[in-house]
Amino acid sequence: MRLRYLIGGLGVASAATLLYGMLVEAERLVLEKPVLRLPRWPERLSGFRVGLIADCHLRDRHTVGLTRRAVRAVLGEGPDVVVLAGDLIAYWRPDVPWLVEEALQDLLPVAEDVIAIAGNHEYWGGGGPELMRRILETLGFRFLVNELLWHKGVAWLGIDSANAGRPEPERLFSDLQPGEAAVALWHEPDCADLLPDGAALMLSGHSHGGQFTFPWGWTPMHTRNGEKYVRGFHPEAPTPVYVSRGLGTTGYPSRLGCPPEATVLTLLPA
Ligand SMILES: [Fe+2]
């Protein structure tokens, strides 16, 4: 009998925790403003600021609203460039063009400074990066799938999703000139270990920071290529990597100990 009460109590507590995570934690947007000192960042670009938004998982009015709040928070800091680090959508559906335009409308005045890459979810549900390219380029944003873009004195290396696409980092890095200020954009953070030498920084999302985290960082969620560098700055990686906790959720629409994140990074030479 006692065991039944215990199991029942645990069930109620778990349901209450998930509900709290859905109604409170998943809504509690935090603007992170880390200052990163990078050995390869040049003096001439000291103080360069990058807005970072990841894992919007757009699928409904709620995710659109959260993304708009994140965009406004980032723009309020006046970053030099805004990076969308993949998984902009949850999966392909007929209203994706509307969802994207509605969520990102506040970026339109700075569209030429917005750089997006593909995540694994850009491949889910019958679409693909080329469909996303049409949507984003119509809005005036840059979309890099194994492409190199020079913008504002920085070489931006946008690499295709490791989990769903065909990443070509070696080809991309072969076009890099020695001494260039380079930032790699790769959705899956553990790929920092696979990156060719040459970038000052890699920006990622994908892991959701674990989405549910418990004491000592333990999380029951595991995601391929997002388990070693789970959240925040990792200067110890072969290429220093910053991992956003992202905005959205996968599975149950809830978070715990891991609120959604909008980020403005300030880059300094080490
Ligand atoms: Fe992802």
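Both ligands and their constituent atoms are indexed starting at 1 by order of listing.
Between the side chain of Glu137 and the main chain of Arg134, no donor-acceptor pair closer than 3.5 Å is present.
Contacts of Asp106 classified as salt bridge (charged side-chain N to carboxylate O under 4.0 Å, His left out), with partners at least two apart in sequence or in another chain: Arg68, Arg72.
Counting only distances under 2.8 Å, and ignoring water, the protein N, O or S atoms around the Fe ion (ligand 1) are Asp87 OD2, Asn120 OD1, His187 NE2, His206 ND1.
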Without placing hydrogens or testing angles, list every side-chain donor-acceptor pair under 3.5 Å for residues 258-265, not counting sequence neighbours.
unit_1: Glu261; atom_1: OE1; unit_2: Arg245; atom_2: N; d: 2.9
unit_1: Glu261; atom_1: OE2; unit_2: Tyr242; atom_2: OH; d: 2.6
unit_1: Glu261; atom_1: OE2; unit_2: Thr263; atom_2: OG1; d: 2.7

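Summarising the local packing, NZ of Lys33 is surrounded by 12 or fewer heavy atoms from other residues, nucleotides or ligands at distances under 6.0 Å.
For the residue pair Thr223 / His206, a side-chain donor-acceptor distance below 3.5 Å is found, with atom types taken as modelled.
Listed by chain and number, the hydrophobic cluster partners of Leu268 are Val35, where partners are ILVMFWY side chains within reach of under 4.5 Å, directly or through others.
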